[in-house]
Amino acid sequence: MFRTRFAPSPTGYMHIGNLRTALYAYLIAKKEHGQFILRIEDTDQNRNVPEALAAIYRGLALAGISYDEGPDKDGGFGPYVQSQRLPIYKEYAEKLLAGGHAYYCFCGKEDKPALEAANERVEGYRDPCRDLSPQQVEARIAEGIVPVVRQRVPMEGVSAFEDHVYGHIEIENKQLDDQVLLKSDGFPTYNFANVVDDHLMQISHVIRGQEYLSSTPKYNLLYEAFGWEHPEYIHLPHIIREDGAKMSKRKGDPSFEDLVRMGYLPQAIVNYVALLGWNPGDEREFFLMQDLIAAFDMDRINKANAAFSLDKLRWLNGEHIRSLSPETFHEISLPFYPQGLAEFDLAKISQLIQVRTETLTDIPKLVGFLAELPEYSADLFENQKSKSTRETSRRVLEAVAPMLESQEDWSNEALFELLKTFAQAQGLKVGTVMWPIRTALSGQETSPGGATELASLMRKEESLRRIRLGLNKLA
RNA sequence: GCCCCUAUUGUCUAGUGGUUAGGACGCAGCCCUUUCAAGGCUAAAACCCGGGUUCGAAUCCCGGUAGGGGCACCA
């Protein structure tokens, strides 16, 4: 049975890397019809942000990642919040102590500053408390010193394991340090809690960032000490910026929710992020969640870091937008429409802009001209491609204005037919006729839709008003 | 400082000893066209460097270089 977990610490918002880790863990479980578990790693009392838990729930819901077990969804392996599992860690730490796989350490944080200067570090260094006699330990405790519990890592030997992404990893034990398992405040460290919880929650595959790659041997030593089997490992490369730097909120890199606010569809973001470090082995790039579940393969995850490109996300977002039904697109567009379009048929506008929308936040500048004709220069009436000059534009508008005035059927089709026939009769290119009309109607070099589409969108009077305005500019 | 990991066009990637090194984004051009998009087509653009191994290396080995990560009572 596949059981994976997403185990964020509630320190902030859901960033892109977190989203991908959660997604991969979800995909790996669901691919095998297994369970996906949400666990909150809040063992650092100083770093808990109250808002963060809500952000995690929001992010997962937005992404379409649902968990089978979690803080608010018991599956018999709870509690799923580490701060509520303190007695469990204590119990297991005592087992380790009893078996000699851990020891009490009485050193204060201040006792180690010299060692913390990284280049002073000696390989194979072991804490002096490692060799305290039971009597010495008792004496210290009697003094009232609150100890931490440290893992007793063998000084000799080599620890090795297989990772689904990185393959064979091998580290000499002397490179590993006697890490703290239980802090003096009674909370476990991540290094301890992850092992105890993953085992107790029967996690089969651990999916996490590659920053844990070099401490995984220490975790395996812990599994061994308990006589447990360790899970399979899938360590993930990092997502970085295009300039090679780390993603950082300070540098303005957006979180998952920021991207949604920026007009990206959650499903497009999920699709994009899935492709950052993984590919299906064929040339598909467009995926919805169900397709991802079917196609995902943890053994095809890349080892190298991947740069996050807004450009490509933008394109993929466009693909997702274009794949929406007109009704769905209209529905999600509605909140992005600016004021002043009350008299328009918004559903019709949506149809026109769907294929031209890359992010939902494009919408206001796409449709703004409808509400209010922008200020524009008569130069706009000149266009090489349509063979339009100021002169042809003026003549066309002059000729067309009365025709439109007496036109009753204001549909796109009828208008197009009328103007096309006119062009042919005059021996003009269709473009030469359409260009000045479209320009006068939009006041812009480009617009979502051509002359007759814009006209049919506007009331007849407004269309004629704008055409007369254009004519004035050309007079 | 020590340890671990990584390295194909600007970016995401395919590739597991013999390929004209494939695809995608972006960029440029063309076609289509009622402007712009969308769509179609075309182009430019890559195997970090140096040694091996081999008839033959992007692919295997070694050594550099560069980048990332770890060495917390943070996760």
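Reckoned from all heavy atoms, side chains included, excluding hydrogens, waters and symmetry mates. Quick note on labels: first sequence line is chain A, next is B, and so on, each numbered from 1. Computed from a prediction, not measured in an experiment: that's the story for all the values here.
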>> Of the options B:C73, B:A14, B:U35, whose atoms approach the side-chain atoms of A:W435 most closely?
In response: B:U35
> Across all strands shown, which nucleotide pairs with B:U11 by Watson-Crick or G-U wobble geometry, both distances under 3.5 Å?
Replying inline: B:A24
> Which value, in whole Å, describes the distance between the C1' atoms of nucleotides B:G52 and B:G10?
Replying inline: 33 Å
>> Using the C1' atom as the point on both nucleotides, what is the distance between B:U53 and B:A45, in whole Å?
In response: 32 Å
>> What's the closest nucleotide to the side chain of A:N412 if the choices are B:U34, B:C73, B:U13?
In response: B:U34
> How is A:V148 classified with respect to the nucleic acid when contacts are heavy atoms under 4.0 Å: base, sugar-phosphate, or nothing?
Replying inline: base
> With respect to the side chain of A:M434, which nucleotide from B:U34, B:A24, B:A14 is positioned closest?
Replying inline: B:U34
> What is the pairing partner of B:A66, taking Watson-Crick or G-U wobble pairs with both distances under 3.5 Å in any strand?
Replying inline: B:U6
> NA contact type, A:S215, heavy-atom cut-off 4.0 Å: base, sugar-phosphate, or nothing?
Replying inline: nothing
> Looking only at atom types and distance, does a side-chain atom of A:R208 sit under 3.5 Å from a main-chain N or O of A:H235, one as donor and one as acceptor?
Replying inline: no
> Taking the side chain of A:K312 as heavy atoms from C-beta outward, which of B:U35, B:C4, B:C25 is closest to it?
Replying inline: B:C25
> P atom, B:C4 versus B:C61: distance in rounded Å?
Replying inline: 16 Å
>> Applying a 4.0 Å non-hydrogen cut-off, can you work out what A:A307 is touching in the nucleic acid: base, sugar-phosphate, or nothing?
In response: sugar-phosphate
>> Applying a 4.0 Å non-hydrogen cut-off, can you work out what A:R300 is touching in the nucleic acid: base, sugar-phosphate, or nothing?
In response: sugar-phosphate
>> For the P atoms, the ones on B:A38 and on B:G29, what distance do you get once it is rounded to whole angstrom?
In response: 15 Å
>> Nearest to the A:T43 side chain among B:A75, B:G69, B:C12, which nucleotide is it?
In response: B:A75
> Say you pick atom P in B:U54 and the same atom in B:G1; how far apart are they, in whole Å?
Replying inline: 37 Å
> Using a cut-off of 4.0 Å on non-hydrogen atoms, how would the nucleic acid contact of A:R322 be classed: base, sugar-phosphate, or nothing?
Replying inline: sugar-phosphate
> Within the structure shown, what part of the strands sits under 4.0 Å from A:E170 by heavy-atom distance: base, sugar-phosphate, or nothing?
Replying inline: sugar-phosphate
>> For the aromatic rings, using the six-membered ring if either is Trp, is the centroid distance between A:Y212 and A:Y219 under 6.0 Å?
In response: no
> Which base sits across from B:C47 as a Watson-Crick or G-U pair, both distances under 3.5 Å?
Replying inline: none
> Between A:F286 and A:H320, does the ring centre distance come in under 6.0 Å?
Replying inline: yes
> Taking atom P of B:C73 as reference, at what distance in whole Å does atom CG of A:L86 sit?
Replying inline: 18 Å
>> Distance check needed: B:C5 P versus A:Y233 OH, whole Å only.
In response: 16 Å
>> So is the aromatic ring of A:Y190 stacked onto the base of B:C74, judging by whether the centres are under 5.5 Å apart and the planes are under 30° apart?
In response: no
> What is the nucleic acid contact for A:E319, judged by heavy atoms within less than 4.0 Å: base, sugar-phosphate only, or nothing?
Replying inline: sugar-phosphate
> Are A:Y24 and A:F296 close enough that their ring centers fall under 6.0 Å?
Replying inline: yes
>> Using a 3.5 Å distance criterion without hydrogens, assess whether the side chain of A:T357 forms a donor-acceptor pair with backbone atoms of A:T359.
In response: no
>> With rounding to the closest Å, how many angstrom separate the P atoms on B:U13 and B:C48?
In response: 15 Å
> According to a strict under-4.0 Å criterion, is A:N305 in side-chain N/O contact with OP1 or OP2 of B:G68?
Replying inline: no
> If pairing requires Watson-Crick or G-U wobble contacts with both distances under 3.5 Å, which nucleotide is the partner of B:G1?
Replying inline: B:C71
> If you check the A:R438 side chain, which of B:A38, B:U35, B:U11 turns out closest?
Replying inline: B:U35
> Can a donor-acceptor pair under 3.5 Å be found between the side-chain atoms of A:S447 and the base atoms of B:C36?
Replying inline: no
>> Let's see if you can work this out: which of B:G70, B:C5, B:C74 has an atom nearest to the side-chain heavy atoms of A:T189?
In response: B:C74
>> Would you say that A:N302 contacts A:W278 through its side chain, given a criterion of any heavy-atom pair below 4.5 Å between the two side chains?
In response: no
> What nucleic acid atoms does A:F416 come within less than 4.0 Å of, heavy atoms only: base, sugar-phosphate, or nothing?
Replying inline: base
> B:C27 and B:C12: how far apart are their C1' atoms, nearest whole angstrom?
Replying inline: 16 Å
> Is there a donor on the side chain of A:K303 or the base of B:A7 sitting less than 3.5 Å from an acceptor on the other?
Replying inline: no
>> Checking contacts here: which listed nucleotide (B:C25, B:A7, B:U35) is nearest the side-chain heavy atoms of A:E453?
In response: B:U35
> Is it true that the NZ or CZ of A:K473 lies under 6.0 Å from the centre of A:Y376's six-membered ring and within 45 degrees of the ring axis?
Replying inline: yes
> What is the nucleic acid contact for A:K385, judged by heavy atoms within less than 4.0 Å: base, sugar-phosphate only, or nothing?
Replying inline: base
>> Below the 4.0 Å mark, does B:A14 have OP1 or OP2 next to a side-chain nitrogen or oxygen of A:N302?
In response: yes
>> If you only use heavy atoms from C-beta on, which nucleotide in B:C25, B:A72, B:A75 is closest to the side chain of A:W315?
In response: B:C25
> Of the nucleotides B:C4, B:C12, B:U35, which one has an atom closest to the side chain of A:A306?
Replying inline: B:C12
> Hey, are A:S350 and A:Y337 close enough side-chain-wise for a donor-acceptor pair under 3.5 Å?
Replying inline: yes
>> Applying a 4.0 Å non-hydrogen cut-off, can you work out what A:Y272 is touching in the nucleic acid: base, sugar-phosphate, or nothing?
In response: nothing
>> With a 4.0 Å limit, can you tell me whether A:K183 has a side-chain N or O closer than that to the phosphate oxygens OP1/OP2 of B:A75?
In response: yes
> Partner of B:U53 by Watson-Crick or G-U wobble geometry, both contacts under 3.5 Å, or none?
Replying inline: none
>> Please give the distance between the P atoms of B:G63 and B:C2 as a whole number of Å.
In response: 15 Å
